[in-house]
Amino acid sequence: LSIDRSAGSQHSKQLSRAHRRLILLSVLMCLAGAIWLWRQSAPLAVETAVVSTVYPAQALTLLNATGYVVAQRRASVASKATGRLEWLSVTEGTKVRKGEVIARLENRDTQAMRDLAAANVLVAKANLGMGRADLVEAELAFTRTDVLSDKKLVSAADHDSATALRGKALAAVAGYEAAVAVAEANLRVSDVALDQTFIRAPFDGVVLTLNAGVGDTITPFSQAVDTRGAVVTIADMDTLEVEADVAEASYLAIHEGQPVEIQLDAIPGQRFEGVVSRMVPTVDRAKASTLVKIRFRQHDPRILPEMSARAAFLDRGLTEAEHKPILAVPASALFEAEGKLQVFVVENGKARMRPVKRGAKIGDQIEVHGLDQGTRVVIRPPQGLTDGHAVNEEAT
């Protein structure tokens, strides 16, 4: 008897081959699973944007321009008199009223001249009084001699002498009256000269700058060394306007009374209503632009001259609701999933799907409800991005 080993060997080889195939298949499946898991856990590069506030006026903007806040009523205040500044009652930021004395020049000599002129008036009036008394005496003498002359009781020479004295008295009174007028005119001149040593505010306003200090010599009509022309610069804050340069090509798109939305760099969180008050009818050849002046509809004490401003010229006026900002995201961040409008927000390095409600469209932005300001959202979500997937942000 003998054992046939060839058949068993053949069967054993077949089992071994099948076993190896099974092992290889298992390894390949494990490897594929590992790759799948790695791909699922590997961060995806995504572009993100921030949920930000958007103003509805952006959709109504025809063109934008830049400029500065300027007080249309502004003055460098000085005096016609020349002298040393003796007293100053204001500083930067002081509010002044029209006619209020804000400074005084040294004026003792001017005051003395005024006192002399006043004394001359008194002398002239005293002389006028004496002249009028002489006139009364001459009138009485003339009346007596005139009556007596009719009765042939006085000589013609006496009558002629009384008549001449009366004429001289009348002329003297006229001269004294003229002297009084001259003295009073000189007094008024002295009053004006004295008043010019007091520097008054020409209108209600706020002091912007001090151009001189106590002790400086004020010479408004000369350029002498170490002198000052103006004492202070004041501006009427009720006349603040924005002066914006508009490109010559856009000039015809603007008209007086057109609504404007004004942004100030110094007050970034607020927008102000304005209106085109006037347009300067000339073009700046060097800049190829024209100057447009925009009036604020409401006055705000925070607005100061020389602030930089941006003006958005609108197609129409804004409604009450359109004055308020809204939260918006780029339109490319929205997509449909699970029958709802969704966005991917980035939280702790992972994308999380959030349902949102859509609002108005403002340019390439869409108003959304359900997200907080500052939330980062994925724009143009890539294929394979799922809820909870790790992401690498590339902010736009």
*Asks:* Do T282 and T290 come close enough that some side-chain heavy atom pair is under 4.5 Å?
*Replies:*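 Not in contact.
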*Asks:* If only atom types and distance count, is the side chain of Q258 paired as donor or acceptor with the main-chain N or O of H255 below 3.5 Å?
*Replies:*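 It does hold such a pair.
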*Asks:* Other than L170, which residues form its hydrophobic cluster under the rule that side-chain heavy atoms must be closer than 4.5 Å?
*Replies:*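 Traced through the cluster, L170 reaches L128, L135, V173, Y176, V180.
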*Asks:* Backbone N or O of R73 within a donor-acceptor pair of the T239 side chain at under 3.5 Å?
*Replies:*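 Checking the backbone N and O of R73 against the side chain of T239, a donor-acceptor pair under 3.5 Å is found.
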*Asks:* Any non-hydrogen side-chain atom of V101 less than 4.5 Å from a side-chain atom of W87?
*Replies:*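 Touching, per the 4.5 Å side-chain cut-off.
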*Asks:* Quick check on the hydrophobic clustering: are I294 and L60 connected, directly or via other members, by side-chain heavy-atom contacts under 4.5 Å?
*Replies:*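 In one cluster with I294: L60, no.
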*Asks:* Using side-chain hydrogen bond (donor to acceptor under 3.5 Å, both in side chains), reason through S289 and D284 one step at a time and then give a plain yes or no.
*Replies:* CA-CA 5 Å; S289 64; D284 188 323; 5.2 Å; no
*Asks:* So does R84 pair up with D216, basic N to acidic O under 4.0 Å?
*Replies:*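 Looking at R84 and D216, the cut-off is not met.
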*Asks:* In the structure I gave you, are the side-chain heavy atoms of F313 and V246 within less than 4.5 Å of one another anywhere?
*Replies:*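 They are in contact (side-chain heavy atoms under 4.5 Å apart), so the answer is yes.
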*Asks:* Cluster partners of I366, using ILVMFWY side-chain heavy atoms under 4.5 angstrom, listed by chain and number?
*Replies:*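 Under the 4.5 Å side-chain rule, I366 groups with V51, L327, V329, L334, L341, V343, V345, V356, V368, L371, V377.
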*Asks:* Could you list the donor-acceptor pairs under 3.5 angstrom formed by side chains in residues 204-214, with sequence neighbours left out?
*Replies:*
residue, atom, partner, partner atom, Å
D204, OD1, K98, N, 2.7
T209, OG1, N211, OD1, 3.3
T209, OG1, T233, OG1, 3.2
N211, ND2, T233, OG1, 3.0

*Asks:* Less than 4.5 Å apart, any side-chain heavy atom of Y251 and any of M279?
*Replies:*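 Side chain of Y251 against side chain of M279, heavy atoms only: contact under 4.5 Å found.
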*Asks:* Could you check whether any side-chain heavy atom of H299 comes within less than 4.5 Å of a side-chain heavy atom of M237, counting everything from C-beta outward?
*Replies:*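 Counting from C-beta outward, H299 and M237 never come under 4.5 Å.
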*Asks:* Is it the case that one hydrophobic cluster holds both L88 and L105, taking links as side-chain heavy atoms less than 4.5 Å apart, direct or via other members?
*Replies:*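 L88 and L105: one cluster.
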*Asks:* Salt bridge or not between R166 and E139? Use side-chain N to carboxylate O under 4.0 Å.
*Replies:*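 Here R166 pairs with E139 in a salt bridge, since their nearest N and O are under 4.0 Å apart.
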*Asks:* Run the salt bridge (Lys or Arg N to Asp or Glu O under 4.0 Å) check on D195 and R200 step by step: do they pass?
*Replies:* CA-CA 10 Å; D195 185 69; R200 292 179 167 83; 2.6 Å; yes
*Asks:* Under the 4.5 Å side-chain heavy-atom rule for ILVMFWY, direct or indirect, which residues accompany V121?
*Replies:*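 Joined to V121, directly or through intermediates: L187.
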*Asks:* Taking the basic N atoms (NZ, or NE/NH1/NH2) and the acidic carboxylate oxygens, is any pair closer than 4.0 Å for R108 and E86?
*Replies:*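 Yes, charged N to carboxylate O under 4.0 Å.
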*Asks:* Applying the salt bridge (charged side-chain N to carboxylate O under 4.0 Å, His left out) test to E241, which of R295, R278, K293 qualifies?
*Replies:*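 Result: among R295, R278, K293, R278 is the only option passing the salt bridge (charged side-chain N to carboxylate O under 4.0 Å, His left out) with E241.
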*Asks:* Is the shortest side-chain N to carboxylate O distance from R354 to E347 below 4.0 Å?
*Replies:*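 Answer for the salt bridge query: yes.
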*Asks:* So if I apply the side-chain contact (heavy atoms from CB on, under 4.5 Å) rule between V260 and each of T61, V276, I254, which one comes out positive?
*Replies:*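 Among T61, V276, I254, the one that satisfies the side-chain contact (heavy atoms from CB on, under 4.5 Å) with V260 is V276.
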*Asks:* Do NZ/NE/NH1/NH2 and the carboxylate oxygens of K95 and E100 come within less than 4.0 Å?
*Replies:*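 Salt bridge: no.
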*Asks:* Please enumerate all residues that pass side chain to side chain contact (heavy atoms under 4.5 Å, CB included) together with Q270, with sequence neighbours excluded.
*Replies:*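 I267, F272, D300, R302.
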*Asks:* If the threshold is 4.0 Å, N to carboxylate O, is there a salt bridge linking K287 and D245?
*Replies:*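 A salt bridge links K287 with D245.
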*Asks:* Under the rule for side chain to side chain contact (heavy atoms under 4.5 Å, CB included), what residues qualify as partners of E338, not counting sequence neighbours?
*Replies:*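 In terms of side chain to side chain contact (heavy atoms under 4.5 Å, CB included), with neighbours along the sequence ignored, E338 is linked to Q342, M353.
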*Asks:* Side-chain contact test, heavy atoms from C-beta onward, threshold under 4.5 Å: evaluate it for Q72 versus R74 and give yes or no.
*Replies:*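 A side-chain contact is absent here, since even the closest heavy-atom pair is not under 4.5 Å.
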*Asks:* State the CD1-CD distance between I303 and Q298, to the nearest 0.5 angstrom.
*Replies:*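 That separation rounds to 9.0 Å.
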*Asks:* Determine yes or no for a side-chain-to-main-chain donor-acceptor pair under 3.5 angstrom, with S89 supplying the side chain and I102 the backbone.
*Replies:*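 Checked: pair present.
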*Asks:* Which pair of heavy atoms, one from R310 and one from T66, lies closest together, and at what distance?
*Replies:*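 Residues R310 and T66, closest heavy atoms: CG-CG2, 4.0 Å.
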*Asks:* Which atoms form the tightest heavy-atom contact between P381 and S332, and what is the distance?
*Replies:*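 In this case the closest contact between P381 and S332 is CD-O, 3.8 Å.
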